[in-house]
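Below is one structure, written out as structure tokens, with a few remarks after it.
What you see is a predicted model, and the numbers here were worked out from it, not measured in a lab.
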Amino acid sequence: MKINTIHYLLAAAMLVGTPLYAGEPPAESEGFLDTAFGWLPYILPDAHTSALHDTMHPHEQHARRYPGVPTHEALLERSYKPRYTAGGWEFLPASPQRFMPYLDSLFVPGNTALEPSPWIEQDAISDSAQHIKSRLSRYGLQYSLTLSAGYAGITPASDGGKNHFGSTNNSLSGVWYLLKKSDNSQGLFLTFEADWGQGFNFNERKAGVQKSIGSVSNPQASLRGGNGVYIPHLALGYSLANGKWVGMVGTIDTSSYLDQNAYSASWNGNLMNSAFTANPCLPLEWANFGFLTAWQPCKSFYAMYATTGYEAGINQNPFRHMSSDAWVHLSEFGWVADDVLGMGPGTYRFQYTITHGDGDTGSGAAFNMQQQLGKNSQLGFFARCGVMDTDAAALSNVKAAATAGLVLQAPFRDSGWGSLANRDQLAVGFLWARAADSVSPLVNKNEYGVELSAVIQVTPTFFIQPDVQYIFHPAGQTDRSGELVFQIQGVFKF
């Protein structure tokens, strides 16, 4: 399925591009907010807000959230300020119902497409994307659209396999708020995700860097396609008690909610190896029918539980692949702190899983942390680790794993790259994975890797990401001790 998404975006903008708001500019205290990676919102300078001024009032803005970063009180106050004083219900509300801070980062995408950029402050594509996003949010629809094109190369060249990979990879995810109580205390919503992509010289589902070098970690976690458009997540959700409790049922992508991390949880804008986007040994299933519930009774603690099948394939009917003998249970408990020993905000997560398959029951435990290194520092640390027994490890092909890294987020310069843009960052990560007995061929039980990545934001909606990795002793590699992987991707994120 070939989709020229940029052309469709510009065409749509011609239809909806008329300013939605033509009144007087807001006062400084009512200006548009930028989330600064989610940590410390501030009023955007006028030079970065013309498209926002054309499409909404500042009080209508829902700034971009960052999963894993508890939403700041300033954003919550603006998002959940009641629009109506009368009781009753709102259908397709322009603002979401209330969620507690950590849950808000997971269930509210925001209606802001633009991020400040020190290079190109304004462009037609970014302005068009903001017009569309603002218009749709007035009918309860908030989303994140990612369009990317990239290249990956391997050296030394693998024998008999491909060594150069060009591809486009895209993802659309979001929340459609269908119904809410006017006091924001509860509401019904639909969550969704659609992915599609195309390898220029390979099938993304059958080949790639991982297959060529024989690793259990996937250096090319950006791959989204190979079989047309597929739907890994489509679920109906409900929130209660002012957003303290959320429940969802449907086709669940558990990795979109559990095991988040502010510094390392995305293939676009974070480290690109799959070992850094999620814990390699956790069975985080997607595209299977299941149930997820989340509870955050106070600002400093939350708990989540998800249970799904694991046998449904891409775009298969999940109801035809449901079996109590092919099931996964995942739980996560998180402690969220504004300041840990004077170092700044940190979140610490403990996870436990139970698996059922082929008449056997497996289990495992994992840990995930993010910690700012200094109360006013732009440097952050992340780490994940976990261990599974033999039965649980058969689902992920990893019996034990540990990853850790450092991330320096903008601003870390006075001008130019790294001075202002939210996506500018430098990151380094280290990984270790012990392959499960189910891996075949299994040559090296212990696989190691290091990754260095940079993000350079060029426009309010486009960034470039060069990335280099070295994988030591890939699990299935028979003739070499390691492989160097170079990647670069250009990403539009609306």
Side-chain angles (χ1 to χ4, degrees), residues 38 65-73 76 80 96-108 175 184-189 191 233 235-250 252-265 278-279 281-286 288-310 327-340 345-356 361-371 382-388 392:
R65 270 57 164 174
Y66 289 81
V69 181
T71 303
H72 195 277
E73 188 62 37
L76 295 176
Y80 303 131
Q97 62 268 31
R98 178 179 292 276
F99 294 93
M100 289 293 282
Y102 189 86
L103 302 187
D104 181 274
S105 77
L106 304 177
F107 292 100
V108 180
V175 182
N184 290 321
S185 63
Q186 57 183 296
L188 179 72
F189 57 93
T191 58
H233 182 89
L236 197 63
Y238 200 88
S239 65
L240 284 170
N242 285 310
K244 290 183 173 68
W245 180 87
V246 179
M248 289 197 308
V249 62
I252 303 289
D253 180 357
T254 55
S255 67
S256 295
Y257 303 95
L258 289 93
D259 200 42
Q260 293 298 311
N261 194 292
Y263 298 113
S264 183
N279 193 314
C281 61
L282 274 178
L284 296 165
E285 299 298 323
W286 48 270
N288 282 268
F289 181 80
F291 173 78
L292 182 146
T293 184
W295 176 55
Q296 187 176 6
C298 60
K299 186 178 178 181
S300 59
F301 172 80
Y302 74 89
M304 281 193 282
Y305 167 75
T307 179
T308 73
Y310 62 76
W327 210 257
V328 173
H329 304 270
L330 281 160
S331 58
E332 178 173 298
F333 304 92
W335 175 58
V336 183
D338 290 332
D339 187 18
V340 179
T347 302
Y348 296 76
R349 308 166 179 90
F350 172 77
Q351 298 134 339
Y352 188 76
T353 183
I354 298 175
T355 65
H356 301 286
T361 298
S363 62
F367 177 74
N368 172 332
M369 65 165 289
Q370 65 193 48
Q371 179 60 58
F382 71 89
R384 289 182 175 97
C385 61
V387 60
M388 305 287 124

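- Checking side-chain atoms of R349 against main-chain N and O of Q260 turns up a donor-acceptor pair under 3.5 Å.
- Once rounded to the nearest 0.5 Å, the distance linking CE of M304 with CG of L106 reads 5.5 Å.
- Q97 contributes no side-chain N or O that, together with a main-chain N or O of S239, makes up a donor-acceptor pair within less than 3.5 Å.
- Summarising the geometry of V69 relative to G38, their closest heavy-atom pair is CG1-O, 3.4 Å, with the distance given to 0.1 Å.
- The main-chain N or O of G364 is never found under 3.5 Å from a side-chain atom of T353 such that the two would form a donor-acceptor pair.
- For the atom pair S255 OG and N279 CG, the distance stands at 12.0 Å (nearest 0.5 Å).
- Residues satisfying the salt bridge (Lys or Arg N to Asp or Glu O under 4.0 Å) test with D259, not counting sequence neighbours, are R384.
- Note: D104 CG to H72 NE2 = 12.5 Å, rounded to the nearest 0.5 Å.
- Judged purely by distance below 3.5 Å, without hydrogens or angles, the side chains of Q371 and Y263 never pair a donor atom with an acceptor atom.
- In terms of the ring-ring contact (aromatic ring centres under 6.0 Å, His included) criterion, F333 has no residue partners (sequence neighbours excluded).
- Taking every heavy atom of both residues into account, S363 and Y352 meet most closely at CB-OH, 3.5 Å.
- Using a distance-only test at 3.5 Å, with no hydrogens or angles considered, no donor-acceptor pair links the side chain of Y305 to the main chain of H329.
- The shortest heavy-atom contact between L103 and G243 is CD1-O, 3.5 Å.
- The aromatic rings of F301 and W295 sit perpendicular, their planes meeting at an angle over 60°, well past the 30° parallel limit.
- In this structure, A392 and M388 approach most closely via the heavy-atom pair CB-CB, 3.9 Å.
- We find the CG-CE distance between L292 and M248 to be 4.5 Å, quoted to the nearest 0.5 Å.
- Closest non-hydrogen pair, S331 versus L258, comes out as C-CD2, 4.4 Å.
- The side chain to side chain contact (heavy atoms under 4.5 Å, CB included) check on F291 picks up V249, T293, T307, with sequence neighbours excluded.
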Quiz item: L330 and Y257: side-chain contact (heavy atoms from CB on, under 4.5 Å), yes or no, with the steps?
Solution: CA-CA 11 Å; L330 281 160; Y257 303 95; over 6 Å; no
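- The closest side-chain heavy-atom distance from V175 to V108 is not below 4.5 Å.
- Looking at T191, its side chain does come within 3.5 Å of a backbone N or O of A235 through a donor-acceptor pair.
- Note that the CD1 atom of I252 and the CH2 atom of W286 stand 14.0 Å from one another [nearest 0.5 Å].
- The shortest heavy-atom contact between L76 and P101 is CD1-CG, 3.8 Å.
- Considering only residues two or more places apart in sequence or on other chains, Y302 meets the ring-ring contact (aromatic ring centres under 6.0 Å, His included) condition with Y102.
- With sequence neighbours excluded, the residues forming a side chain to side chain contact (heavy atoms under 4.5 Å, CB included) with D339 are K375, listed by chain and number.
- The backbone N or O of R65 lies less than 3.5 Å from no partner atom in the side chain of S105, so there is not a single donor-acceptor pair.
- Side chain to side chain, N368 and N261 meet the donor-acceptor criterion of an N or O pair below 3.5 Å.
- Here the CE-CZ distance, from M100 to F107, works out to 13.5 Å after rounding to the nearest 0.5 Å.
- For residues 294-308, the pairs satisfying salt bridge (charged side-chain N to carboxylate O under 4.0 Å, His left out) are K299-D338, with sequence neighbours left out.
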